[in-house]
Each structure stands twice: as structure tokens, then as C-alpha cells.
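Order of the sequence lines sets the chain letters (A, B, ...), proteins ahead of strands, with each chain counted from 1.
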Amino acid sequence: MNMNQVRVRFAPSPTGYLHVGGARTALFNYLYAKQNQGVFVLRIEDTDLVRSTDASTQAILDAMKYLGLDWDEGPEKGGDYGPYFQSQRLELYQQYADKLLASGRAYQCFCTPEELDQIRQEAVEQKRDPKYDGRCRNLTEAQRQELIRQGRKPVVRFKADYDGTTLVDDLIRGKVTFDNNQLDDFVIIKSDGMPTYNFAVVIDDALMAITHVIRGEDHLSNTPKQIQIYEALGFSVPQFAHIPMILGPDRTRLSKRHGATSVGQFQEEGYLAEAMVNYLALLGWSFDDSQTLFSKNELIEKFTLAKVSKNPAVFDLAKLQWMNGVYIRELSLDELYEQTLPLFQGWGFVPTEVSSELVGKVRSVLKILQERIKVLSELREVSYYFFQDELHYDEKAVRKVLGKEGAVEILSTLLPELLSVTDYTQENLEPIFRKAQEQHQRKLADIIQPVRVAVTGTNVSPGIYDVLAILGRARTCQRIKDTLALIKSRQEGSLGV
RNA sequence: GCUCCCAUCGUCUAGGGGUCUAGGACACCGCCCUCUCACGGCGGAGACAGGGGUUCGAAUCCCCUUGGGAGUACCA
């Protein structure tokens, strides 16, 4: 194996869905790996027995696939450095903990959670740092046996080195030094036998030959602890790159409180993977002063850790939406159709078996709506009137347009013309409206808007001739009749319109 | 509390001593296109957190203040 080969990893814990912050971390790792012909490892950190679920693991894998962040080693893929679930690597952690125990760099601690709480409380009261006081460091063999006999389940603590400083040489932040006296003897194996995060990452990253640890800045402060473990075990320390956090609009760490943060949710709402990837890449990274649109290949080519920003970035939904709109517009009609057909079927707009006539209709609808949507799921409300009989009138539009003087007359003169025009096509429809315009001596808009409201229920839609042509003569005329009746009934009810 | 990180338009950012009367993108505003909306085009408003240094010269280097973020668990 090439010893210089870049190996990076994304190591989510399956305690929820993949959120955008995690996805961005995964993306940066992926880009870095691809750019360097390296290996992208996916490892599941499921050592928290109570919070980890298989459903979460699956959701994360699905989200990764949707984004196209294909991993080279990991779940469903295997690899030479497995297993890739921490829960299946327990012997490994135990083995290395034993090593530390044997070399005197770790010890068993029998303190109960209550005792630890007390230690912390006292420390705070006395204005000392709330650190573990190391009281179990020098237990005698006899004392340990006694405690075990009492049924106490020990944890294993790392015997930290309190002297000097630990340097984290970060690819993004430069050299960061920590005073070792900030450390305490942290737990590496819990009483249930599971490793803690700070221990498991080190063992796994070392054993999996990870060369670059690219992860969120929230891990920067933990890095000194990890470095001490690397050194105590004689492992070589990988390169670190801590990328900035993603914040919500209120500048606190992005969370569910801020709305949609799960990648799966964005997928459901109709965000294209290309747009998500592009947007996420720009959250904390930039190329130059002008380019904002990047294909994935372009990102692989141009991404550099050196250009990753140091400051946290606020997640801007508006920009994501704009970008998604750009990518939707770039789709060919075939691609758009392929992406959206399942949605139309899910909404019950078209049946599972689509006739060729219906295919044509859907494509026509997509063609006129493509440049008007930012998210695929918007299609539902802006296209239902092409597929369903029942119309939902927007009250404001009805008042504003149909309540206008002359609306009834205009619709009434148009109706017979529409009923009798020979070919119900866009080209033949336009003259009818022009004619009516002259007849009534009104602006074209005054002729068109009542029709628009009558057939779509709203005063906003694609070009009216396109809409009518797709809708067809029968539906158009029926809706105009219905609308006329509606206006009449309202007038009789003396409610005005 | 302690430790660490960070600090350019509302947001993402370009900028790494002079070319900055600070550039781009989203959002916002106006105009054009126009049957409404959208797309597109054109234009506008909008920032170097504050204070000290260093220097002939600072958005760029150093220090302090302030502000924000993170860590400090038998969570990851």
C-alpha cells in the first residue's frame, strides 16, 4: 500500500438524521479525498447505546447517497480496515485500554456518578476548575479488589500528562497550543465497557490509517486529549483540519430550532443534490472573488483546505433556494420530468401508469413552470389545477380581479369564442383575447386576469395562452362558467364580490 | 468560571501593507422586458467592531477591549 495515500473519514454518530453541518463535513472530506486520489472512509460511531439507532444509520447512509458522497470504505462497502461500526470494534478498544493500563498510562476508577457530581460541585464552589481530582489514581490492589467485590463497575481513566503544552498543528487554524494543566484524567472506557468518543476516535483513526482528520471546530478543544493518547500508544498523529461551525440566523449553532436542518428533509422538499453540494461547499469555503456555481467535479478540482474560512457561517436558506432554482433551470426537460414524475404520482396528479398523452401534458406543465420554482415540491400548489377538477379560489385574487368592474362581461364575451374556436391551441387563443381587448377598450391585462383567476384560482400563473392550451377547452370553459356562477351567487347574496 | 477559536455589506465571502473612493453572490430597492408571476437585463443602497501601536503608508502585522462561537460528561 502506498504509505503516502491520503485517507480521510467521516464519522457520524447515528443518533439522528444527517444534518447540514455533518453533510458539509462529509463533503469536505470527500472533496479532499477525491482531489488527492485518496480514500474516503465512512465510520459509524455508535458507542452511545441508548441514543444510537439503526434507523438513524440508514437515514445517514441514504442522505450520503442522495448527495452523491460515495464512500470507498465503510458500511455496505467493507474494506481492509473494518469493521466500520464502532460497536463491532469493542475488543480493539479494550485491547488498547489494557495496553495503557499495563503501561501505567491508565487506571481503573470506581467513583460513582454521585461522587463525581460532588467533586465537581465542590470545585465550582471553591472556584477551582471542575476537573476530576484523580482520587482513584493510586488505589492499591487490595482496595480495588474490595471495590470490585462490592459490585462497583469501574471505568478506565487516562492518566493525563499535566506538564508542558500540547501543540495542535491545524491545517486551517495554524498552530494552536494548549496548556496541559487544563486537562484532567478523562474516562476512556465507560463502566458498561464502551469506549468514550475521545478514545475510540484515536484508536480507529490510527488503526484505519487516517492521514487527515477533517472535522468540525467543536472538536478542536478535544484534540489535545486525543494527541496525548496517540502519543501514549506510540501512534503517529494525523494532520488536523478543523472547519468552522454552521450557525442559524441567530448566530447560535444550527439546530432544529432553526427549521429544516436534516439533509433528508431538504431532499424531500425538492432540493437537488447538485445544489445542496454546491451551497454546502460555499459555506466556509470559496474559490475566488467571482465564482459561486460549481459542479462537483469542479469542486474536486478546486477545493483546498487553505481556502477554508476560519469563521463560522450562517446558514442562508434564501441563497440555497436561489441556487436550487438555478440548478432546476439548468435541468433538461427529460431530467426534470424524471425527477418530478414520482412527485406528481405521490400527489395523485397522475396515475402510476402514465399514458403517452399524459406524459406530454406533464412535460408541457414542467416546461412552463421550470423557471418559476425554486424547490420541486412547489410544483404541487402551482400545478394542481392542471390535474384536478376542484379549484381553490384565492380570496384576495377573487376580490381584486373578479370584483373589478367589467369582469363578468369580459368572461361572458370570451366564453362563446373559446367554445367555438376550431383548434384549441396557443396560437389560436391569442387573437381571441386581442379581439376582446379592442371590443372592451381595455388593457390586455384586464382581459387576461379575470380568465387567469377563473381557471387557476389565483392571479399568478405562467402565460395565459400556455395555461389554457394545456388545460384544454373543456376544463377552461367549465371553470369560466363556474366562476361566472360564483360571482352571480355572491352578488345575489349581496355580499359584493 | 477556565481554556481555545473567530471578527469585511443583513448573509456567504474576495482581500493576505500601497492598484481599496473595499470586489462578487444571495437578499433588499428602483427601472426595463411584460397578460400576472417568474426568468433575464440595467442601476441603487449597504461593511473593514472599537482603541492603541508598528510603518512613509494598514481592511491587511502586533496588543488591548468588546462581541460571537466552541470545549470543559461514564454524548459524540
Colleague: Quick check: closest heavy atoms across A:Cys111 and A:Tyr132, and the distance to 0.1 Å?
Modeller: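 Heavy-atom minimum between the residues: SG-OH, 3.4 Å.
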Colleague: Dump every N/O contact between nucleotides 1-4 of chain B and the protein below 3.5 Å, one line per pair.
Modeller:
unit_1, atom_1, unit_2, atom_2, d
B:C2, O2', A:Gln182, OE1, 3.2
B:C2, O2', A:Gln182, NE2, 3.3
B:U3, O4', A:Gln182, OE1, 3.3

Colleague: Rounded to whole angstrom units, what separation is found between the OH atom of A:Tyr132 and the P atom of B:U72?
Modeller: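 Distance, rounded to whole Å: 18 Å.
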Colleague: From CD1 of A:Ile246 over to C1' of B:U11, roughly how many Å is that when rounded to an integer?
Modeller: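 Distance, rounded to whole Å: 14 Å.
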Colleague: Please report, rounded to the nearest Å, how far the P atom of B:A70 is from the CZ atom of A:Arg173.
Modeller: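 After rounding, the reported distance stands at 13 Å.
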Colleague: Please tell me which of A:Ala318 and A:Pro12 maps to the more 5' nucleotide of RNA chain B, matching each residue to the nucleotide holding its nearest heavy atom.
Modeller: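 That would be A:Ala318.
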Colleague: Partner lookup for B:C42, please. Criteria are Watson-Crick or G-U wobble with both distances under 3.5 angstrom; report none if nothing qualifies.
Modeller: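 Looking at the geometry, B:C42 pairs with B:G30.
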Colleague: Between B:G17 and B:C61, how far apart are the C1' atoms? Round to whole Å, please.
Modeller: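 Result for the C1' pair: 8 Å, nearest Å.
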Colleague: So, do A:Phe28 and A:His212 have ring centers that fall under 6.0 Å from each other?
Modeller: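 Judged by ring-centre distance (under 6.0 Å), A:Phe28 and A:His212 do not meet the cut-off.
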Colleague: Which pairs with one or both residues in residues 43-52 of chain A pass salt bridge (Lys or Arg N to Asp or Glu O under 4.0 Å), sequence neighbours excluded?
Modeller: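 Salt bridge (Lys or Arg N to Asp or Glu O under 4.0 Å) check on residues 43-52 of chain A returns A:Arg43-A:Glu45, A:Arg43-A:Asp204, A:Arg43-A:Asp205, A:Asp48-A:Arg51.
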Colleague: Could you pull out all residues at least two apart from A:Tyr279 that satisfy side chain to side chain donor-acceptor pair (under 3.5 Å)?
Modeller: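 Partners of A:Tyr279 under the side chain to side chain donor-acceptor pair (under 3.5 Å) test: none.
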Colleague: Could you go over nucleotides 21-23 of chain B and give all protein N or O partners under 3.5 Å, atom names and distances?
Modeller:
none

Colleague: Considering only atom C1', compute the distance from B:C6 to B:A49 and round it to an integer number of Å.
Modeller: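 13 Å, rounded to whole Å.
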Colleague: OP1, OP2 of B:C6 versus side-chain N and O of A:Arg251: anything below 4.0 Å?
Modeller: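 Checking B:C6 against A:Arg251, no side-chain N or O comes under 4.0 Å of OP1 or OP2.
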Colleague: My understanding is that only residues two or more places apart in sequence, or in another chain, count here; which of them pass side chain to side chain donor-acceptor pair (under 3.5 Å) with A:Tyr385?
Modeller: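 Listed in chain order: nothing, the list is empty.
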Colleague: Looking at B:C74, B:U72, B:A25, which one has an atom nearest to any side-chain atom of A:Val155?
Modeller: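 Taking heavy atoms from C-beta onward, the closest nucleotide is B:C74.
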Colleague: Could you note down all residue pairs passing ring pair (Phe, Tyr, Trp, His ring centres under 6.0 Å) where residues 158-182 of chain A supplies at least one of them, sequence neighbours left out?
Modeller: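 Every pair satisfying ring pair (Phe, Tyr, Trp, His ring centres under 6.0 Å) with a residue in residues 158-182 of chain A: A:Phe158-A:Phe186.
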Colleague: Nearest to the side chain of A:Asn311, heavy atoms from C-beta on, is which of B:A7, B:G15, B:A76?
Modeller: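 Side chain of A:Asn311 sits closest to B:A7.
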Colleague: For B:G1, what is the paired nucleotide under Watson-Crick or G-U wobble rules, both distances under 3.5 Å?
Modeller: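 For B:G1, the partner nucleotide comes out as B:U72, under the 3.5 Å rule.
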Colleague: Using side-chain heavy atoms (C-beta onward) and a distance below 4.5 Å, is A:Met208 in contact with A:Tyr84?
Modeller: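 Side chain of A:Met208 against side chain of A:Tyr84, heavy atoms only: contact under 4.5 Å found.
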Colleague: Going by the salt bridge (Lys or Arg N to Asp or Glu O under 4.0 Å) test, which pairs reach into residues 372-381 of chain A, not counting sequence neighbours?
Modeller: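 Every pair satisfying salt bridge (Lys or Arg N to Asp or Glu O under 4.0 Å) with a residue in residues 372-381 of chain A: there are none.
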Colleague: What is the pairing partner of B:A7, taking Watson-Crick or G-U wobble pairs with both distances under 3.5 Å in any strand?
Modeller: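 The answer is B:U66, by the H-bond criterion.
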Colleague: What nucleotide among B:C74, B:G71, B:A27 has an atom nearest to a side-chain atom of A:Asp218?
Modeller: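 Side chain of A:Asp218 sits closest to B:G71.
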Colleague: Write down the distance between CZ (A:Phe186) and C1' (B:C75), rounded to a whole number of angstrom.
Modeller: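 These atoms are roughly 15 Å apart.
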Colleague: Taking atom P of B:G71 as reference, at what distance in whole Å does atom CD of A:Gln226 sit?
Modeller: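 Interatomic distance, CD of A:Gln226 to P of B:G71: 13 Å.
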Colleague: Can you give one letter per nucleotide of nucleotides 30-47 of chain B, going 5' to 3': B for a protein heavy atom under 4.0 Å from the base, S for sugar-phosphate only, - for none?
Modeller: -----BBBBSS-------
Colleague: How long is the line joining NZ of A:Lys310 and P of B:U8, in whole Å?
Modeller: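 Rounding to the nearest Å, NZ of A:Lys310 and P of B:U8 are 12 Å apart.
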Colleague: Using atom C1' in both nucleotides, what's the gap between B:C48 and B:C4 to the nearest angstrom?
Modeller: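 Looking at atom C1' only, B:C48 and B:C4 are 25 Å apart.
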Colleague: Donor-acceptor pairs under 3.5 angstrom involving side-chain atoms of residues 314-322 of chain A: please list them, not counting sequence neighbours.
Modeller:
unit_1, atom_1, unit_2, atom_2, d
A:Asp316, OD1, A:Ala318, N, 3.3
A:Gln321, NE2, A:Tyr271, OH, 3.4

Colleague: In whole Å, what separates the C1' atom of B:A25 from that of B:U21?
Modeller: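 B:A25 and B:U21 have their C1' atoms separated by 22 Å.
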Colleague: Look at A:Arg434 together with A:Glu430 and state whether they make a salt bridge at an N to O cut-off of under 4.0 Å.
Modeller: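 Counted as a salt bridge, because a side-chain N and a carboxylate O are separated by less than 4.0 Å.
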Colleague: Which value, in whole Å, describes the distance between the P atoms of nucleotides B:C9 and B:G23?
Modeller: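 One P to the other, the span is 14 Å.
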Colleague: Out of B:C12, B:G69, B:A76, which nucleotide sits closest to the side chain of A:Thr252?
Modeller: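 Nucleotide nearest to A:Thr252's side chain: B:G69.
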Colleague: Expressed in whole Å, how much space separates the P atoms belonging to B:C26 and B:C75?
Modeller: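 Comparing P positions in B:C26 and B:C75 gives a spacing of 46 Å.
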Colleague: Nearest whole angstrom, please: distance from the P of B:A25 to the CZ of A:Phe294.
Modeller: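 Checked: the CZ to P distance equals 13 Å.
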Colleague: With both distances under 3.5 Å as the test, what is the Watson-Crick or G-U wobble partner of B:G17?
Modeller: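 Matched B:G17 with nothing under the 3.5 Å cut-off.
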Colleague: On a whole-Å scale, what distance lies between the C1' atoms belonging to B:U65 and B:A7?
Modeller: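 One C1' to the other, the span is 13 Å.
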Colleague: Please state the C1' separation for the pair B:G16 and B:U11 - nearest whole angstrom.
Modeller: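 After rounding to an integer number of Å, I get 23 Å for this pair.
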Colleague: Mind checking what makes side chain to side chain donor-acceptor pair (under 3.5 Å) contact with A:Gln121, not counting sequence neighbours?
Modeller: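 If we apply the side chain to side chain donor-acceptor pair (under 3.5 Å) test to A:Gln121, skipping adjacent residues, there are no hits.
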Colleague: Look at A:Arg253 and B:G68 and indicate whether a side-chain polar atom (N or O) is within less than 4.0 Å of OP1 or OP2.
Modeller: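 The answer is no; no side-chain N or O of A:Arg253 sits under 4.0 Å from OP1 or OP2.
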Colleague: Compute the ring centroids of A:Phe433 and A:Tyr465, then answer whether they are less than 6.0 Å apart.
Modeller: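 Centroid separation for A:Phe433 and A:Tyr465: below 6.0 Å.
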Colleague: Restricting to pairs with a member in residues 446-458 of chain A, which pass salt bridge (Lys or Arg N to Asp or Glu O under 4.0 Å), not counting sequence neighbours?
Modeller: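 Residue pairs passing salt bridge (Lys or Arg N to Asp or Glu O under 4.0 Å), neighbours aside: A:Lys404-A:Asp446, A:Arg442-A:Asp446.
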Colleague: What is the distance from CG of A:Leu254 to C1' of B:A70, rounded to the nearest Å?
Modeller: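 In whole Å, B:A70 C1' lies 15 Å from A:Leu254 CG.
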Colleague: Pairs in or reaching into residues 239-256 of chain A: which pass salt bridge (Lys or Arg N to Asp or Glu O under 4.0 Å), with residues at least two apart or in two chains?
Modeller: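 Sorted result for residues 239-256 of chain A: A:Asp218-A:Arg253, A:Asp250-A:Arg257.
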